[in-house]
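A quick write-up on the structure given underneath.
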Amino acid sequence: MALVVTNTLTRRKEEFKPLREGFVGMYVCGPTVYGHSHIGHAKSYVSFDVIARYLRHIGYKVRYVQNITDVGHLTDDADSGEDKIAKRAKEERVEPMELVETYMRSYFEDMDALNALRPDISPRASGHIPEQIELVKTLIAKGHAYEVAGSVYFDVTSWRRYGTLSGQRLDEMEEAVRIDPNEQKRHPSDFALWKKAEPQHIMQWDSPWGRGFPGWHLECSVMSMKYIGPTLDIHGGGLENSFPHHEDEIAQSEAATGQPFARYWLHNNMVTVKGKKMGKSLRNFITLKDAFAGKFPQDEEGNPTPIRPFRPMVIRYFILTSHYRNPLDFSVEAMEAAEKGLKRLEATVGAIRKRLIEPASGEVSPGAKQMIEELKSGFTAQMDDDFNSAGAIAELFKFSAKVNESLEAGEVPQGDLKAIDAAFTELAGGVLGIITAHTGREEESSASIEKGLLDLMVETRNGLRKAKQFQLSDQIRNRLGEMGVQLEDGPEGTKWKRV
RNA sequence: GGCGACGUACCCAAGCGGCUUAAGGGAACGGUUUGCAAAACCGUCAUUCACGGGUUCGAAUCCCGUCGUCGCCUCCA
């Protein structure tokens, strides 16, 4: 079985073969940090997190680069376009870099909560100004860019392959209704590599063309090629960036190096809310912090209304139950369904881990061995098919059902428990990241006094149950339930867990 | 107007030419278990894949058309 990925460049599934044996250089467009991250960011970065994890799982050494845009991203393409960071910094009355720091931390905090592993390199645009100036100089020298009054534009007519990624054609784009005519540009589709800064502009640097700042598209070309090389194995990002952002990246990179920029373009689809795209400018977006706190937009204005909190892991699981290339519609109902599904998986893992006595010993029985092999081959087949995490989760559920069945049937040998736990840890934990080392071990990880008190409550209640004092024992269970501790009476005694 | 994607059960969602007379999750309904619950387990739940044609020995999967939804062409993950 070989890994197959859908390449936006060719619009088909292709066998994945990196440039260098055993090594994958992967670049994913990161966030512009001028506000808190939302569910759309989560879909994108959780998807690429799993892609990176899976590539490592099948043995590749991966260098995952994901930029932080902290300068140059304009609110629109017209001359009047303001830098998003500068604009927000003015509004919040802070230094631009202060704003960047705040939201960059917020971003990493949210991604950590979603159990997305950090990229290997998180380069910032503002830290790569000299490299960006160099690339602009190269493009001018090669006749692909021109300077007008302190700004430099890429000449799209000099790059005849312009539009291959998105299937756009220059002559057709000229007719596009909403492109703002900009007198400086020779062609409406020419894009800014370097912009002249007015004296009052907060972020500006010296360049051969005077004081200014880099255009948005430039940073991705510069930073990806700096840390990976002129040809990336994978370039990822959100679908909405395929045009013009990725198209421009290809043009300026290939025009500069003369080499193919990226072998595989992977695009994740959008998150929708009630069928409509969720976007920063549409004001219908749900920030991750709101979602974790249980606030969802319920009214027409999109104001966050408290419903109930969902664990970050539920959001991660929810994202992974659909394919990264398909749109995902976000709703409270869908989150509740996802929460229940994830709990079932966690319950099985918990049941295994509770029976497991470390250090576990003993051989794995042939039956368990076969179950695990079936899981692994099914899981791998799904993930090999363009990272089909939804299919991979289905395999986990099939396996989980078999595990539950054997737990129900009677004593499972320690060797089997250990192997089953290892399989879950490797696939559901290591690859999909939907369980952690703590899953099913909530009791052990509780503070000692809390644990002692709960054990005492359970003991007391079981005494009452023995004496058939059900009214009192139910009261204890109900009250603990209200506090978020769930009691389960089973044949092996009473268990408690946090809900 | 140009480019592109999607339409699978009550809901979500895989499948992309034969292994599927369609995975998995949620909901629902029976049953086992339980003091009652919860959890878990067993069973039921699409001869059918928006609709109409065509290609093929064979199509949810390929082609054409129709309808519907969405995205990009302007900032956005």
Side-chain angles (χ1 to χ4, degrees), chain A residues 8 11 13 28-32 37-48 73-78 81-82 84 163 166-169 171-180 189 216 236-245 247 267-272 275-282 285 317-318 321-323 325-329 331 333-334 336-345 347-348 350-351 378 382 385 388-398 400-401 404-405 407-409 465-466 468-471 473-474 477-478 481 486-491 495 497 499:
Chain A
T8 312
R11 294 192 183 79
K13 285 187 184 175
V28 174
C29 284
T32 301
S37 306
H38 53 67
I39 306 281
H41 292 107
K43 175 164 164 73
S44 189
Y45 300 123
V46 165
S47 299
F48 285 106
H73 199 159
L74 303 185
T75 51
D76 62 68
D77 200 33
E82 270 189 282
K84 290 181 175 195
S166 55
Q168 305 284 329
R169 286 177 42 200
D171 46 348
E172 278 157 0
M173 280 186 287
E174 265 184 283
E175 294 157 24
V177 225
R178 285 183 291 176
I179 288 182
D180 244 329
S189 295
W216 173 43
L239 192 63
E240 86 289 353
N241 275 334
S242 56
F243 189 90
H245 183 54
E247 201 72 74
H267 285 107
N268 67 279
N269 217 311
M270 310 281 89
V271 171
T272 56
K276 291 283 173 200
K277 184 189 138 178
M278 180 173 83
K280 281 188 177 172
S281 52
L282 296 178
F285 67 89
Y317 170 87
F318 172 61
T321 52
S322 82
H323 192 94
R325 289 188 67 85
N326 288 144
L328 181 65
D329 197 50
S331 68
E333 297 71 42
E336 278 172 348
E339 184 176 54
K340 284 178 185 154
L342 178 59
K343 271 188 183 170
R344 282 196 59 192
L345 228 38
T348 305
Q382 295 292 345
D385 183 9
N388 187 350
S389 56
I393 288 174
E395 296 298 324
L396 286 173
F397 273 105
K398 286 189 216 165
S400 172
N404 286 330
E405 212 170 330
L407 288 177
E408 199 80 5
R465 287 173 70 216
K466 244 179 211 147
K468 302 213 184 290
Q469 300 255 26
F470 294 126
Q471 207 183 335
S473 67
D474 284 357
R477 185 173 61 195
N478 292 341
Q486 187 176 303
L487 296 191
E488 291 173 6
D489 300 323
K495 291 174 217 156
K497 64 179 180 190
V499 188

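Small disclaimer: the values here were computed from a predicted structure and weren't measured. Chain letters run A, B, ... following the sequence lines, proteins first, then strands; residues in each count from 1. Scope of the values below: all heavy atoms of this structure, side chains included, with no hydrogens, waters or symmetry mates.
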Considering only side-chain heavy atoms of A:Gln168, which listed nucleotide, B:C41, B:C36, B:C72, is closest?
B:C72
Would you kindly compare A:Tyr317 and A:Ser400 by the position of their nearest RNA chain B nucleotide and give the one closer to the 5′ end?
A:Tyr317
Round to a whole Å and report the spacing from CG of A:Asn404 to P of B:U32.
20 Å
A:Cys29/A:His245 under side-chain contact (heavy atoms from CB on, under 4.5 Å): CA gap, chis, key distance, verdict:
CA-CA 10 Å; A:Cys29 284; A:His245 183 54; 3.6 Å; yes
Within the 4.0 Å heavy-atom criterion, would you say A:Asp474 contacts the bases, only the backbone, or no part of the nucleic acid?
base
Looking at A:Asn388, does any N or O in its side chain come under 4.0 Å of the phosphate oxygens OP1/OP2 on B:A14?
no
Side chain of A:Lys277 only, heavy atoms from C-beta on: which candidate in B:A77, B:C72, B:C41 is closest?
B:C72
Counting heavy atoms from C-beta on, name the nucleotide in B:C16, B:A77, B:G25 closest to the side chain of A:Phe397.
B:G25
At under 4.0 Å between heavy atoms, what does A:Ala394 touch on the DNA or RNA strands: base, sugar-phosphate, or nothing?
base
Using a cut-off of 4.0 Å on non-hydrogen atoms, how would the nucleic acid contact of A:Leu407 be classed: base, sugar-phosphate, or nothing?
nothing
Measuring from atom OG of A:Ser44 to atom CE of A:Met270, what distance do you get when rounded to the nearest 0.5 angstrom?
7.5 Å
Value rounded to 0.5 Å, distance of CD in A:Glu339 from CD in A:Glu336
7.0 Å
Taking any heavy-atom pair under 4.0 Å as a contact, classify A:Glu408: base, sugar-phosphate, or nothing.
base
Interatomic distance where NE2 belongs to A:His267 and P belongs to B:C73 [whole Å]
13 Å
OP1 or OP2 of B:A14 versus the side-chain N and O atoms of A:Asn326: is any pair under 4.0 Å?
yes
Rounded to whole angstroms, how far apart are CD on A:Gln471 and P on B:G35?
18 Å
Across the strands shown, which category fits A:Ser331 at heavy-atom distances under 4.0 angstrom: base, sugar-phosphate, nothing?
nothing
Proximal nucleotide (of B:G15, B:G26, B:A38) relative to the A:His323 side chain:
B:G15
Distance in angstrom units between A:Lys495 NZ and B:A39 C1', rounded
8 Å
Under the 3.5 Å rule, do the base of B:A38 and the side chain of A:Arg477 count as making a donor-acceptor pair?
no
Stems formed with participation of RNA chain B [Watson-Crick or G-U wobble, under 3.5 Å, three or more pairs]:
B:1-7 with B:67-73, B:10-12 with B:24-26, B:28-32 with B:40-44, B:50-54 with B:62-66
Can you measure A:Glu488 atom CD to B:A39 atom P for me and round it to whole angstrom units?
8 Å
A:Asn268 atom CG is separated from B:G71 atom C1', nearest whole Å, by 13 Å
CG of A:Asp329 versus P of B:U69: gap in Å, rounded?
15 Å
Gap between atoms CG and C1', on A:Leu342 and B:G26 respectively (whole Å):
13 Å
Closest listed nucleotide, where the reference is the side chain of A:Lys276 and the choices are B:C70, B:A13, B:A37
B:C70
Nucleotide nearest A:Phe470 (side chain, heavy atoms from C-beta), chosen from B:A77, B:G35, B:C42:
B:G35
Atom NZ of A:Lys495 and atom CG of A:Leu487: how far apart are they, to the nearest 0.5 Å?
12.0 Å
OG-CG distance between A:Ser166 and A:Leu239, expressed to the nearest 0.5 angstrom:
11.0 Å
Can you find a side-chain donor-acceptor pair between A:His267 and A:Thr8 that sits under 3.5 Å?
yes
Quick one: does A:Ile39's side chain get under 4.5 Å of A:Phe285's, heavy atoms only?
no
I'd like to know if the side chain of A:Asn388 and the backbone of A:Gln382 have a donor-acceptor N/O pair within less than 3.5 Å.
no
For the NZ atom of A:Lys343 and the OH atom of A:Tyr317, what is their distance to the nearest 0.5 Å?
13.0 Å
Would you mind telling me which of B:G24, B:A38, B:C36 lies closest to the side-chain atoms of A:Lys398?
B:G24
Under 4.0 Å, heavy atoms only, any strand: does A:Gly40 hit a base, just the sugar-phosphate, or nothing?
base
From the set B:C42, B:G4, B:A14, return the single nucleotide nearest to any side-chain atom of A:Gln382.
B:A14
What nucleic acid atoms does A:Tyr45 come within less than 4.0 Å of, heavy atoms only: base, sugar-phosphate, or nothing?
sugar-phosphate
Quick check for you: among B:C72, B:G24, B:G25, whose closest atom lies nearest to any side-chain atom of A:Arg344?
B:G25
On RNA chain B, does the nearest nucleotide to A:Val271 precede the nearest nucleotide to A:Ile393 from the 5' side, or the other way round? Give the residue.
A:Ile393
Distance check: side-chain N/O of A:Lys343 vs OP1/OP2 of B:A39, anything under 4.0 Å?
no
What's the closest nucleotide to the A:Asp489 side chain, out of B:A14, B:C36, B:A77?
B:C36
Output for pair (A:Asp489 CG, A:Arg465 CZ), nearest 0.5 Å, gives 3.5 Å
